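One structure below.
Because the structure is predicted, anything quoted here is derived from the model rather than measured. Basis for what follows: all heavy atoms, side chains included, without hydrogens, waters or symmetry-related copies.
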Amino acid sequence: MYSKRIEAILKILEKCTTLADIGCDHGYVAVEAIKRGLALRVFAVDINQKPLQKAIELSKKEGVFNKIEFFVGNGFEPIREPVDQAVIAGMGGETISNILSSAKDKVKNTKLILQPMKDIELLRRWLFENGFDIKEEFVVNDKERFYVIMKTEKSFNIEYSEIDVYVGRHVHNKSEESLEYLLRKKEKLKKIAEMKKENKKDFSEEKKVLEMIEEVLNEW
């Protein structure tokens, strides 16, 4: 049993022929995707050799080494063919956006599972503005840390609101994790806004997001 975060990513995967695990780290998603019959082939990519070596060792231990291709590289650069599905998890939203920007042609028919560690609003806006619709989004509480996981794919008809960008579509699920995540986000933003106000700095951005969170919470 892996962490709740890893299990949540695996749960949202669809069965496919080819899967890319970008920033694969120790290879948990890549290895389990093969073991659980979620993918027939996996491309595991990491920018550093050390974690990739651990992923290789894990794949050998679990008997799936021959079904995974390992690459040291940045994003989708080492992958020479389109993939059905891709996971990009454990990076900042800006980094994920940059990876996708560099691989627009490669991922135009790829379903994406994304789990940003920060700058989530930036990533959501990039997705919407570049023709990727967020089809599913939820929050996972793993050891008192909250992770937002989203499934997105290219779409010709995207409608989104500022709440979709700044608060997220996970609120539609009305899960306990989403509620707790929003309440914590609200408290954090309030503290930042108060500090900025005391220091005579602009806090209009925080105020705007707080109003959106309040709007969502009032309809909960």
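Taking 4.5 Å as the limit, every side-chain heavy atom of Leu40 sits out of range of all side-chain heavy atoms of Lys67. Under the 4.5 Å side-chain criterion, counting only non-hydrogen atoms from C-beta, Phe76 is in contact with Ile22. Counting heavy atoms from C-beta on, the side chains of Arg36 and Leu13 never come closer than 4.5 Å. Between Leu100 and Ile88 the shortest side-chain heavy-atom distance falls below 4.5 Å. The side-chain heavy atoms of Phe138 and Lys151, taken from C-beta on, include no pair separated by under 4.5 Å. In this structure the side chain of Gln85 never reaches within 4.5 angstrom of the side chain of Lys15, judged on heavy atoms. His26 has its side chain out of reach of Leu58: every pair of non-hydrogen atoms, C-beta onward, lies at least 4.5 Å apart. Counting only heavy atoms from C-beta outward, the side chains of Leu52 and Cys24 approach each other to under 4.5 Å.
Of all the heavy atoms in Val140 and Ala8, the pair that sits closest is CG2-CB, 3.5 Å. Taking both residues in full, the closest heavy atoms of Arg5 and Gly90 are given as NH1-N, 4.1 Å, listed atom of the first, atom of the second, then distance. Residues Ser155 and Asp133 approach most closely at CB-CB, 3.8 Å, considering heavy atoms. Here the shortest heavy-atom pairing between Cys16 and Asp84 reads CB-CB, 3.7 Å. Summarising the geometry of Ala44 relative to Ile68, their closest heavy-atom pair is CB-CG2, 3.9 Å, with the distance given to 0.1 Å. Listed here is the closest heavy atom pair of Val29 and Ile9: CG2-CG2, 4.2 Å.
Side-chain N or O atoms of Asn173 include one that pairs as donor or acceptor with a backbone N or O of Glu137 at under 3.5 Å. Side-chain atoms of Lys4 come within 3.5 Å of backbone atoms of Asn141 as a donor-acceptor pair (strictly under, hydrogens ignored). Checking side-chain atoms of Ser102 against main-chain N and O of Asn98 turns up a donor-acceptor pair under 3.5 Å. The backbone N or O of Ser204 sits less than 3.5 Å from a side-chain atom of Asp202, completing a donor-acceptor pair. Asp164 contributes no side-chain N or O that, together with a main-chain N or O of Arg169, makes up a donor-acceptor pair within less than 3.5 Å. Proximity of a side-chain donor or acceptor of Thr110 to a complementary backbone N or O of Val83 within less than 3.5 Å is detected.
Separation of atoms CG (Leu114) and CD1 (Ile96) is listed at 5.5 Å; rounding is to 0.5 Å. Rounding to the nearest 0.5 angstrom, the gap separating the CE atom in Met212 from the CD atom in Glu162 is 5.0 Å. Considering CG of Asp21 and CZ of Phe43, their distance stands at 12.5 Å, rounded to 0.5 Å. A distance of 10.0 Å separates CD of Glu7 from CG of Asp142, quoted to the nearest 0.5 Å. With values rounded to the nearest 0.5 angstrom, Lys186 atom NZ is found 8.5 Å from Ile213 atom CD1.
Every residue was checked against the salt bridge (charged side-chain N to carboxylate O under 4.0 Å, His left out) condition with Lys60, not counting sequence neighbours, and none meets it. Residues passing the salt bridge (charged side-chain N to carboxylate O under 4.0 Å, His left out) test with Glu144 are Arg184, sequence neighbours excluded.
Hydrophobic clustering places Ile158 together with Ile134 (ILVMFWY residues linked when any side-chain heavy atoms are closer than 4.5 Å, directly or through intermediates). Connection of Ile79 to Val87 is not established within any shared hydrophobic cluster, with ILVMFWY side chains joined at heavy-atom distances below 4.5 Å, either directly or through further cluster members.
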Would Val45 and Asn74 count as a side chain to side chain contact (heavy atoms under 4.5 Å, CB included) if you check the C-alpha gap in whole Å, the side-chain angles of each, and the deciding distance to 0.1 Å? CA-CA 8 Å; Val45 183; Asn74 186 15; over 6 Å; no
Could you go step by step and tell me if Glu69 and Arg80 meet the salt bridge (charged side-chain N to carboxylate O under 4.0 Å, His left out) rule? CA-CA 12 Å; Glu69 292 183 48; Arg80 299 291 173 220; over 6 Å; no
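Pairs engaging residues 87-116 under the salt bridge (Lys or Arg N to Asp or Glu O under 4.0 Å) rule: Glu14-Lys111 [sequence neighbours left out].
Relative ring orientation between Phe70 and Phe65 is described as parallel, the plane-to-plane angle staying below 30° on a 0-90° scale split at 30° and 60°. Using bins of under 30°, 30° to 60° and over 60° for the plane-to-plane angle, the ring pair Tyr28/Tyr2 lands in the tilted bin. Between Tyr160 and Phe128, the ring planes are parallel. Angles under 30° get that label, and only those over 60° would be called perpendicular.
With respect to Tyr166, the side chain to side chain donor-acceptor pair (under 3.5 Å) criterion is satisfied by exactly one of Arg124, Glu205, Glu211: Glu205.
By the 4.0 Å N-to-carboxylate-O rule, Lys185 lies close enough to Glu121 to be salt-bridged with it. The existence of a salt bridge linking Lys54 and Glu57 is excluded, since no basic side-chain nitrogen approaches an acidic carboxylate oxygen closer than 4.0 Å.
Summarising the local packing, CD of Glu81 is surrounded by more than 12 heavy atoms from other residues, nucleotides or ligands at distances under 6.0 Å.
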